[in-house]
Amino acid sequence: MVESESTLTASSEKRPCDENSSHVNSTNAHSCLWLSVGSLWFREIRAFYRQRSRVVGSLATPFIFWLLLGSGFARSFRADIEAGALEFFFPGMITMVVLFTAIFSNISIIEDRREGFLLSVLAAPVPRPVLVLGKVLGATTIGLTQGVIFLIPAPFLGLAFDPAKLPAILVVIVGMMLGLTGLSFFFAWWLNSVQGFHAIMNLVLMPLWILSGAIFPTAGAAEWMQWAMKINPLSYGVRALRSLFSSTGSADYSLVLSCIAVLATFAVITLSAAFYQVSRPSARHLS
Amino acid sequence: MSNTPAVSVQSLGFSYNNNSALRDVSFEVDRSDIFGLLGPNGGGKTTLFRILSTLLPPEKGTAAVFGADVRAQPISVRRNIGVVFQGQSLDRHLTATENLEHQGHLYGLRGADLRSRIDALFDRLDLADRKNDVVDTLSGGLRQRVELAKGLLHAPKLLLLDEPSTGLDPAARLQFWEHLRTLRDHDNVTILLTTHLLEEADKCCSLGVLDRGTLVAVGTPVELKNRIGGETVSLVGENPEAIVKELSDRLGVQPQIVDGSVRFEHPQGSQLIARLMENPQEQIQSVTVSKPTLEDVFIRTTGRSFTDDESG
């Protein structure tokens, strides 16, 4: 997905497609569509790296959480966590990177609307789902890059990391990113204040993370909570990552594959919801 | 040149949660016109603007831009229109050039063609030396010109502007209007703008006066003012009702009371008043005689004063 994006921005010198709407052939119309998506994608990336505080915040926060939770739990409790606490919390922290990236990318929808940028996209001759695609692919690229950066210190902190597992790890991250960005887009589209989005973040998105198995294992939880964890798509991301980072032998690839299938379904559902939402014209998102 | 008008609006209606914002609005804008939609805030201008820019589908009636229906063919309408929104639609973290690059991509422009269009527009709008400045650092007048450049990038045939002068100082307003006139004169761009400023409406070639969702008058500013008559007379006194009665009994005019003052229009307003003042029956504190303004047009057509605390 990311590759198709970069080839898109590189390929150039095709006829501009605004000449006359009547005889635009379909290939041309497609290249226009991808030009718009690519442009919005690049805007996301650029907005991210221009905001130094965001780069530092989104990388440092999960790292600090990981070190504090991991080190704290390692001393305080020795209950069900067989492996080291740092290893136990590592997949959860990757999930947190993914979640935070999805959240912060979508806060910008509310800002774009308040500042008017969104209006000029809505008034352009491109279908509205272009907005969702630009946002989701941009956020996914950022989340993936951060996930990779997060992997670098792992071996030095005593985690089992096998480069052969990298493709599977990246696929899991992309799966979670797509689903969560779609979900946050869905919420952000309806809200007109950043405060409202923070409320959704605390009421819906953070509980998704807490109930994903990121900070406590499913096994010891209360029964209702086990059910909540079972229907939480993020649990499958955490479970797949835990298997891929396990220091006790090789990863269970059939488990990983079924987790990826769940994440893919989650992504399809949330992205369809976002597409549907954005395509419905309404006065509500104009001011 | 074809005779299809640039904009054609028929019996347009729209309401937000049962509050109707537009009621049975019909008008046409000729090609190469500068058409102003004048009205107080809340009059329905922004709703009409959003319908014409395809952001809102009309509920009742139709609206077409160069013959293309805004509901049925929004994409072809969008190719023909350049939209300059009220407030800012620029990404303030990006430079002027970067903003225009994104805009160009959305319209299918790229590469050398896009770059030369951007440079040409910046030259024309006197922005060339600021093109690599981050929008956040530009003054209101400069930003408004970048907005204009953004709306013009794909060479639209119709430019829609929502309250373009809001937030601009008088010098920047004059300069902005120079650019609009050049566009109309040299590039045959049709311009439709909304405004709540009477002095801005006076600069338009044609006007539609919009009040409470209804189009109450359409014509050139001069036509609209001539319709009123020669002179506008305004009287202030202790007892407005008694003054009205005296005026209608003795002079045969039908005045209105607006904001406590008595007003009427008459071809020879000053002569009538001279007759009245020879032998006034009622206490009159002041008399003003003036050529009609667009404000008088508004008062005459709506019976209310054009109060707007945001003007100026």
Side-chain angles (χ1 to χ4, degrees), chain A residues 8-22 24 28-44 46-51 54 108 111-128 130-131 134 280-287, chain B residues 14-17 21 46-47 49-59 68 71 73-94 98-99 101-114 117 134-135 147 150-151 153-156 160 162:
Chain A
L8 184 165
T9 37
S11 76
S12 62
E13 300 318 315
K14 275 188 187 164
R15 261 185 76 238
C17 28
D18 73 332
E19 287 308 316
N20 223 322
S21 50
S22 52
V24 172
N28 217 354
H30 273 113
S31 81
C32 276
L33 208 68
W34 288 108
L35 181 66
S36 315
V37 173
S39 192
L40 293 176
W41 167 82
F42 183 59
R43 179 170 171 263
E44 291 295 313
R46 183 153 58 184
F48 179 77
Y49 71 68
R50 285 219 179 140
Q51 280 174 276
R54 209 178 132 194
S108 65
E111 288 166 353
D112 283 348
R113 177 165 49 223
R114 204 176 42 207
E115 288 165 16
F117 182 86
L118 197 66
L119 286 176
S120 54
V121 181
L122 295 178
V126 289
R128 289 183 168 189
V130 159
L131 258 177
R280 280 178 17 181
S282 159
R284 284 194 57 176
H285 4 271
L286 296 180
S287 57
Chain B
F14 196 90
S15 54
Y16 299 99
N17 311 319
T46 300
T47 306
F49 179 86
R50 285 172 176 173
I51 290 174
L52 290 176
S53 52
T54 74
L55 294 178
L56 275 183
E59 279 178 354
R71 195 199 326 245
Q73 301 154 275
I75 303 279
S76 39
V77 170
R78 289 176 197 168
R79 284 182 205 284
N80 281 329
I81 59 172
V83 191
V84 179
F85 290 100
Q86 183 178 4
Q88 310 290 331
S89 76
L90 300 170
D91 185 331
R92 55 191 180 85
H93 302 295
L94 302 181
E98 287 165 348
N99 265 289
E101 281 166 359
H102 284 303
Q103 178 78 359
H105 294 156
L106 291 172
Y107 286 80
L109 302 167
R110 67 168 105 184
D113 175 37
L114 175 58
R117 279 176 191 243
V134 173
V135 169
E147 290 277 352
K150 187 174 163 180
L153 190 59
H154 59 290
L160 298 170
D162 195 11

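Quick caveat: nothing in here was measured; it's all calculated off a predicted structure. Residue numbers begin at 1 in each chain, while the letters A, B, ... track the order of the sequences. The figures that follow rest on heavy atoms only: side chains count, while hydrogens, waters and symmetry mates do not.
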Under 4.5 Å, counting heavy-atom pairs only, tell me which of B/Val83, B/Thr54, B/Val77, B/Asp91 racks up the most with chain A. B/Asp91
What part of A/Arg50 gets closer than 4.5 Å to chain B, counting heavy atoms only: side chain, backbone, both or neither? side chain
Does any backbone or side-chain atom of B/Gln103 lie under 4.5 Å from a heavy atom of chain A? Answer side chain, backbone, both or neither. side chain
Worked verdict on A/Ser39 versus B/Glu101 for side chain to side chain donor-acceptor pair (under 3.5 Å): CA-CA 8 Å; A/Ser39 192; B/Glu101 281 166 359; over 6 Å; no
Residue among B/Gln73, B/Arg92, B/His93 with most heavy-atom pairs under 4.5 Å to chain A: B/Arg92
Run the side-chain contact (heavy atoms from CB on, under 4.5 Å) check on B/His105 and B/Leu114 step by step: do they pass? CA-CA 8 Å; B/His105 294 156; B/Leu114 175 58; 3.9 Å; yes
Quick one: what part of B/Leu94 sits under 4.5 Å from any heavy atom of chain A, side chain, backbone, both or neither? both
Under 3.5 Å side-chain donor-acceptor pair for B/Ser89 and B/Glu147: yes
Would you please classify the geometry between the B/His102 ring and the A/Phe117 ring as parallel, tilted or perpendicular, with 30° and 60° separating the classes? perpendicular
Locate the shortest heavy-atom distance separating B/Ala21 from B/Thr47; write the atom from each residue and the value. CB-OG1, 3.6 Å
